Protein chains: 2
Amino acid sequence: MKSKMSIDTLGEYLKDNGVKPSYQRLKIFEYLVQNKNHPTVDTIHRSLLPHIPTLSKTTVYNTLSLFIEKGITQLITIEENEGRYDAAVASHGHFKCLECSNVYDFEFEIKDSGVSGIEGFKVDEKHLYFKGVCKDCLSRK
Amino acid sequence: MKSKMSIDTLGEYLKDNGVKPSYQRLKIFEYLVQNKNHPTVDTIHRSLLPHIPTLSKTTVYNTLSLFIEKGITQLITIEENEGRYDAAVASHGHFKCLECSNVYDFEFEIKDSGVSGIEGFKVDEKHLYFKGVCKDCLSRK
DNA sequence: GTATCTGCAAAACATTTGCAATTCT
DNA sequence: AGAATTGCAAATGTTTTGCAGATAC
């Protein structure tokens with residue numbers, strides 16, 4: 001999912017995935033696609049409220065659940081007590097900087113030979129999150 | 001941390017890590033060591049209540065925070081809204097079976113060459129959780 | 001006009017905090 | 001007694017649920 005995408009194209013994308021593109025849904029999905037900073041429900045709601053003054057958090061919750069159900073959004077869990085959402089596609093890892101709190105994406109590859117203890121298990125999802133200090137915060141010292 | 005360990009030994013272990021071994025703390029730590037099923041606060045509380053009828057959830061929360069602060073327990077986050085605790089030591093991954101909900105530990109090794117996008121970052125913690133179907137549930141079909 | 005979608009208000013949970021009672025030495 | 005620990009009750013914060021009103025086709 002590219003960041004630059006017209007509302008019309010987003011609407012088509014939603015339809016293709018079985019989501020009727022209401023105004024709220026379009027705006028929420030547009031936000032997810034344009035803001036790859038893994039927002040929380042609250043962040044999304046606060047950001048959209050100026051544009052959609054009647055938007056309720058319930059609708060944000062409903063909409064995100066729907067997106068997840070349709071497979072176009074992913075819920076990532078780094079800390080407890082803060083769900084974060086991601087207009088998901090390919091599997092990728094998340095790096096949280098302990099200084100600036102930013103969450104960065106990264107690509108990973110894990111070979112079967114690098115894992116032991118769950119031989120014979122069927123693995124459907126691989127989630128990785130790392131924590132540490134990002135390059136920017138390191139260079140600021 | 002071995003599963004078979006006398007209360008006395010556990011007490012020594014707590015002391016060695018700067019935790020005064022009160023009865024509640026001993027029992028909570030003993031539970032963690034003996035039940036490697038990554039319990040939630042509620043699970044721990046429910047399990048110990050028959051033995052310690054006055055035990056409050058606040059104490060379970062306080063105690064686990066203390067354990068984490070002292071580095072003898074680890075908080076793992078697989079789903080949002082359910083903290084799970086682990087008498088932690090070496091870094092290991094967690095596999096959650098989507099059928100039986102059990103959480104299994106596994107060992108992993110990730111080579112730097114298998115990761116791209118966070119070059120130059122300082123990585124302090126690597127968390128992995130996989131989801132899928134465990135061997136037992138697979139063979140039951 | 002009937003289905004669906006939205007959003008308010010209340011409920012349900014998990015976690016934290018303030019403080020008083022209890023325990024330990 | 002003095003310090004640390006425990007636990008009740010209330011506060012906080014997030015997510016879910018029930019339902020009535022609004023919107024869309």
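All heavy atoms count here, side chains included; hydrogens, waters and symmetry mates do not. This is a predicted model, so every value here is computed, not measured. In the text below, chain A, chain B and the rest are named by the order of the sequence lines, each starting its count at 1.
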Q: In whole angstroms, how far is the P atom of C/dT4 from the CD atom of A/Glu69?
A: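 The answer, rounded to whole Å, is 14 Å.
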
Q: Could you tell me how far apart B/Tyr61 (OH) and C/dT16 (P) are, to the nearest whole angstrom?
A: 7 Å

Q: With both distances kept under 3.5 Å, what pairs with D/dT23, Watson-Crick or G-U wobble?
A: none

Q: Check whether NZ of the Lys or CZ of the Arg B/Lys126 lies under 6.0 Å from the centre of the six-membered ring of A/Phe130 and within 45 degrees of that ring's axis.
A: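 Judged by the rule, B/Lys126 and A/Phe130 form a cation-pi pair.
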
Q: Going by the rule side chain to side chain donor-acceptor pair (under 3.5 Å), which residues pair with B/Lys57 if we only count those two or more places apart in sequence or in a different chain?
A: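 For B/Lys57, the residues satisfying side chain to side chain donor-acceptor pair (under 3.5 Å) (neighbours in sequence not counted) are B/Asp42.
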
Q: Restricting to nitrogen or oxygen on both sides, can you table the protein-nucleotides 7-10 of chain C pairs closer than 3.5 Å?
A:
residue: C/dG7; atom: OP1; partner: A/Thr54; partner atom: O; Å: 3.0
residue: C/dG7; atom: OP1; partner: A/Thr54; partner atom: OG1; Å: 2.8
residue: C/dG7; atom: OP2; partner: A/Thr59; partner atom: OG1; Å: 2.9
residue: C/dG7; atom: O5'; partner: A/Thr54; partner atom: O; Å: 3.3
residue: C/dC8; atom: N4; partner: A/Thr58; partner atom: OG1; Å: 3.3

Q: Is a donor from one side chain sitting under 3.5 angstrom from an acceptor on the other, for B/His38 and B/Asn102?
A: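 There is no such pair between these side chains.
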
Q: Partner lookup for C/dA3, please. Criteria are Watson-Crick or G-U wobble with both distances under 3.5 angstrom; report none if nothing qualifies.
A: none

Q: Would you find a donor on one side and an acceptor on the other, under 3.5 Å apart, between the side chain of B/Arg25 and the backbone of B/Thr63?
A: no

Q: Hey, does B/Phe106 have a side-chain heavy atom less than 4.5 Å from the side chain of B/Leu128?
A: yes

Q: In terms of ring plane angle, is the pair B/Tyr13 and B/Phe29 parallel, tilted or perpendicular, where the classes change at 30° and 60°?
A: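 Ring orientation, 0 to 90° scale: parallel.
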
Q: When you look at B/His92 and B/Asp86, which way does the side-chain hydrogen bond (donor to acceptor under 3.5 Å, both in side chains) test go after all the steps?
A: CA-CA 11 Å; B/His92 57 271; B/Asp86 199 342; 3.0 Å; yes

Q: Taking any atom closer than 4.0 angstrom to a non-hydrogen atom of chain B, what span of DNA chain D does the protein reach, first nucleotide to last?
A: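 The contact span of chain B on DNA chain D goes from D/dA4 to D/dT15.
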
Q: When you measure from the side chain of A/His45 to the backbone of A/Leu55, do you find a donor-acceptor pair of N or O atoms at a distance under 3.5 Å?
A: yes

